[in-house]
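Proteins get letters first, then strands, A, B, ... in listed order; numbering begins at 1 in each. All values derive from a computational prediction rather than experimental measurement.
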Amino acid sequence: MADMVTLKINGQTVTVPRGTYILKAAQMAGIDVPNFCYQQELRPWGSCRICTVEILGRRGGLIESCATPVREGMEVATHSPACMDARQEILRLYLIDHALDCAICDASGECFLQDYTYEHGVDANPYRRPKRKSPTLHFSDLIDYNWDRCIMCARCTRVCDEVIGATALSFTSRGLESEIAPAFGDSLYTTPCTHCGMCIQVCPVGALTDRWYGNHPWRVAKTQTTCSLCAVGCTLEVWREDQDLVKVQGPWETGVNQGWTCVKGRWGHDFVKDETRLTRPLLRRGGRLEPAPWTEALDIVAERLATKQGEGFAGLISAKATNEEVYVFQQFVRAVMGSNTVESPARRTHAATLRAMATAFGSAAATNPQRELLDTGCILLIGSNMAEAQPVMSYNIVRAVKGRDACLIVINPTKPTILGDLATIWLAPRPGTDALLLSAMAKVILDDGLADEAFIDARTEGFAAWKLSVSDLSLEGASAATGVPAGDIAAAARLYARGGLTASARPERGWPAATLAFGTGLTQQPNGEANVQAACNLALLTGNVGRRLGGVTPLHLDANEQGAVDMGALSDRLPGGAAVTDAAARTALADRWLPRWGEPAAGATRIESLPAAPGRALSDLWSAIGAGEVTALYVVGDDPALLDPGAAAALAQLDLLIVQDTFLSETARLAHVVLPGTTAVEKDGSFTSNDRIIQRVRAVLAPVGQSRADDEIIRSIARRLGYQMPHRASSEVMDEIAQVAPDYRGVNQDRLEQGGLPWPVADTQFPGTPMLHVERFATASGRAAFTTVDVTTLLAPAGAFPLALALGDSLFQPPGGAVGRASTNLSRLEGGARVEVNPADALGLGLAEGDPVDVVTEHGRLRAWAMLTTGVTPGRLFIDAQWSGASSALLTAPPGEPARKVTAARLEPAPGAALDSARL
Amino acid sequence: MATQELDIVEQQHLGGGRRRLTMNMGPQHPSTHGVLRVILELEGETVVGMDVVPGYLHRGVEKIGENRRYHQFMPYTDRNDYVAAPSNNLGWALAVEKLIGVTAPERAQWFRMILAELTRIASHLVWLGTHAMDIGAISMSLYTFRDREMILDVFEQWCGARLTTNAMELCGFQRDIPDGLLDNVRAFLKVFPARQQEYADLLSANPIWLGRTRGVGFLDPEVAISLGVTGPCLRGAGVNYDLRKQQPYLLYDQVDFDVPLGDADESDCFERYLVRMEEMRQSLRIIDQCLERIPRTGPMMADEPKYAMPPHGAMKYTAEAMQRHFVLTIKGFNPPVGEIYQAVESPKGELGHYIVSLGDAVPHRLRIRAPSFVNLACLPVMSLGGMVADTVALIGTIDIVLGEVDR
């Protein structure tokens, strides 16, 4: 092949793609070349010189292999005497000033310098001077730096720049005085640092260290598992010493993250050992929750549940539960309690997607793998602060933009972290006007003739009706309503349609693909469904579905939102995706589940058939409780009192509230019975990631105290009610799921041990489906549907509430709140609830950075710290929802409407001292 | 206690008023030198059958060795023949050095010989004291342990430990010989010959001693060879087999010493006593020559950065040595692929280490040929037809250590 090059390395013939660097070629041939500054997936740097190899027959044959591309016929020797001599000399130079710290250095045992010194037999050093001891510098509460161990390889600074996009670390000073330092000072808090800690993971020596680690690799056991703190689905390697979790890091070249991690994954897991964990069941006695033995708690739960069978019972399970647990739970709700009301947070974040995207494509799941973001030419990101909510996914975008000049279009009322600064265009529409903005973009594409007509003809339906509906849309009108300049709307539309190309001529093979991702900022609005419809229309119009590097990706928050949907934790869907109204599907499940009924417990009745009517959606649940239609609720791991407006009041009216959680959440405080469950690092099972990859979750630690696996608790209750649900390992549950859910048919735990599988997995040989809708859509007709969008804009802030408040996600807070509060590390980074204000608005109110301020809406008020930033345009506010409970404090949701992330508000300066601005 | 330790397990009536008793001895019997269990079949006081049941001190040492890096295993060898720990250390060190193709520097080799021969004397002193005590000469152990203390003091001066010494290291020694240590060895050489003569005077012509050892426990040389018996037991039967002569290691081929042999026709406990007494004198000769010939200065550790620990001082003060030390400690070295067997003449006999290496930091297979275990095979042979009381003398004369038998 023309683009392959053949060369010889150590006499071995190697054929690699042209442009491959010698070091990489050697690695592909199984030859290890020492390296300090070489880091996979980064641009070559060539500063450490330790990868020096000899090119035979070349004058001055020694050259650094990490930055030298291969040439045809080249003969390379990686371990010739000349190389070894050169490397020994380089190592001696490194060792002149290197600290005598091996005994107390975190890196000892996994230190590149230590290994190479040994491997190269560096014994005596002719160069010698007194060691220059330097103090350990605390860059932040988590990251330490020791100059006297640093070898100036620049891995940390390059990772921070090229992958994370923060550029918080850099070299300062020159020559022998060189050192690594945070930008503009000695603290990472004044930099854009995301505290991801990748600088520590890539450090080949022990220069950058985790301040709280203080352990050694030979003392720990390492287990690979899937992160439970967001929907990306990173593979993590969890290190434990006995039952202490000592470190979390990303194993290189594994899983969707390929080794990269974020602050939550690396440092958030210390919540597992927090002293506020629930370790014993609690029973409400005389108005107070008091510890009780398991048997008593379970007996009481069963006794009370026996009278609550039927539609008056509701279940709500966290999307941090594994697929297996969700399956067992919904089986419990449907087959034991005889109710279809079993919901999960996917409904809270993506109710609009579940309706709109499923209508358009036949499936509400992400269409393309997230790693494709690395290669795609144009990324349209809507209503998401991805660098905070799904940080590791955002690294792909950072690398695409910084490494390949990919085009990034951001549509968000506030400027997203990191990605906002990298964006080619940032559109900041007024909250509530997204559907109009996206439809206006579609109109521009239509008018410019950039639509992919061949795709529209062959793969879609409803185009003509939709085209008619946008015909009277004017760019100027949209600009006026959304507050986005008309030129920006048009430019963004053209970039998306042209796949990032700025040329006006259409390439012969059509415009390159562009991908679209939207977050909860788009869906959690009163008109969220219209927003998602408009986004889907945009992708269909440009032919970007079922296409490599294209696609539509809804961005989930919780780790297993996709899995919870797949497992049937929806009041209108059975596991496997069939509607509950589908009699055949219901019968098949009834035949599987209902024969397990034994003798019903006193007061309970045998369920003879699965309920046929859909249950209540999460958004309807609180009004149903208020109306007395639902009297018992079983919540597993979720916290509606914190996250759902109006939920707290409804929960107080329940006859029976059972909460199974790892912490005493806001909801658990209201419960009649609290059962201690386990966290994801204490149980086996699987998660389904944002891009549909089913991945293994492994138990690393034993459950704390008396806490038990969540599915075991559910089974214990079922058995007390007279339903046969013996203990089963997660692998056996997965086997049953494979029989029930067509998309999971070929999945079993043995296969998952080898790596994740993207569903649909048709059979046990099938490798999985990274991309959906390639030949036909999952709709009944096989065609995608254009939907006419209601572009009415909502929410016009005025009068007493002149500001538009948007709620979003925080980098330091996993979804939920309790987990983030319980993590000591994350609490160190999070100063408290922050409200982001434009300096112009702040000036009018006399606010300074760090001042305490009350955010007031029609429904409530919340104390927060003012953070002045131009990331929000005048007239807007932004607040982190997870930490503060802002959604329940400030919002209200009319019955039947999805949870929102926007409302009208005003600010009132509050008394009290200002917060140190460095901690904001 | 005695009734528990010598339990009648079974009785058989043979007619004519004769009975055959099956009796259990040990594993807690004091004369079994640890936890050896012996099942005796007796007619009257005559031993007509014997079953040796080892294994009460089994720790799985070989399996442990297959999970320990080469440097790491050294302290475990102490616990095999624990009255002669430095000899075990030496066996392991030489085996690994053969595997990796390294020879310790000359000064280290002379010093290793000094330690090994001191060990031989210390081990024989323990044997002499306990063996004599078993057959009635209680005071002998008080004398021999007094002299052994001098040797243990030397060990302590060298490595801080007296019993489980961990005295040797792979490829040489990390430290130099402490000041005054060799003088203490010389002091021992000065006082010990006269004392040993005293013990010989007390025992060699003692009628009770002769009565309990002369003609007791005949071991045919052919049988001994076929059983694989080595060490003083074999040489007591007149077979000239001493690895220091037959397969010289260290610098034994450069020193003069004789291998004492017993009379093949006698080949009894007394012959073995004579052999061991003479071996102590020969060890003194060897140590004397070592002290003469050991270089005053010179390296103690081979210059092999890949395998050898860095010297103790450099390890603390230079980054190169410290890092090498840590890699060797944390990860160990990777020896060549292959298998080797290396034996040394320990006080008890041929102590061999067999290593199969797949190039990993730990051996793929480790086998220890422990002389006590093999020599124990001659106990039933020597006991048959003898008295129960002779069995006690025979266990003593073989000189077993159960740490090594059971491993």
Select all residues of residues 303-333 of chain B having any heavy atom within less than 4.5 Å of some heavy atom of chain A, and report them by number, or 'none'.
-> Asp303(B), Pro305(B), Lys306(B), Lys316(B), Tyr317(B), Thr318(B), Ala319(B), Glu320(B), Met322(B), Gln323(B), Arg324(B), Phe326(B), Val327(B), Leu328(B), Ile330(B), Lys331(B), Gly332(B), Phe333(B)

Ion pair Arg266(A)/Asp210(A), N-O distance below 4.0 Å = no

Region of Leu91(A) in contact with chain B, defined by heavy-atom distances below 4.5 Å | neither

Do Tyr252(B) and Glu117(B) meet the criterion of a side-chain donor-acceptor pair at a distance under 3.5 Å?
-> yes

Does Val33(A) offer a backbone N or O that forms a donor-acceptor pair with the side chain of Asn35(A) under 3.5 Å?
-> yes

Under 3.5 Å: donor-acceptor pair, side chain of Trp92(B), backbone of Tyr70(B) = yes

Arg407(B) charged N/C atom sitting above Phe373(B) aromatic ring, 6.0 Å / 45° | yes

Using heavy atoms and a sub-4.5 Å threshold, report which of residues 292-302 of chain B line up against chain A, by residue number.
-> none

Report all side-chain donor-acceptor pairs from residues 354-363 of chain B shorter than 3.5 Å, counting only partners two or more places apart or in another chain.
residue	atom	partner	partner atom	Å
Tyr354(B)	OH	Glu339(B)	OE1	2.4
Ser357(B)	OG	Pro336(B)	O	2.8
Ser357(B)	OG	Gly359(B)	N	3.0

Hey, are His58(B) and Asp406(B) close enough side-chain-wise for a donor-acceptor pair under 3.5 Å?
-> no

Measure Asp97(A) against the heavy atoms of chain B and call it side chain, backbone, both or neither at under 4.5 Å.
-> neither

Applying the side chain to side chain contact (heavy atoms under 4.5 Å, CB included) test to Ser65(A), which of Ile9(A), Ile22(A), Ile50(A), Thr52(A) qualifies?
-> Ile22(A)

Quick one: side chains of residues 158-165 of chain B, donor-acceptor pairs under 3.5 Å with protein atoms, not counting sequence neighbours, listed by atom name and distance.
residue	atom	partner	partner atom	Å
Trp158(B)	NE1	Ala167(B)	O	3.0
Arg162(B)	NH1	Asp153(B)	OD1	2.8
Arg162(B)	NH1	Glu156(B)	OE1	2.9
Arg162(B)	NH2	Glu149(B)	OE1	2.4
Arg162(B)	NH2	Glu149(B)	OE2	3.3
Thr165(B)	OG1	Asn89(B)	OD1	3.4

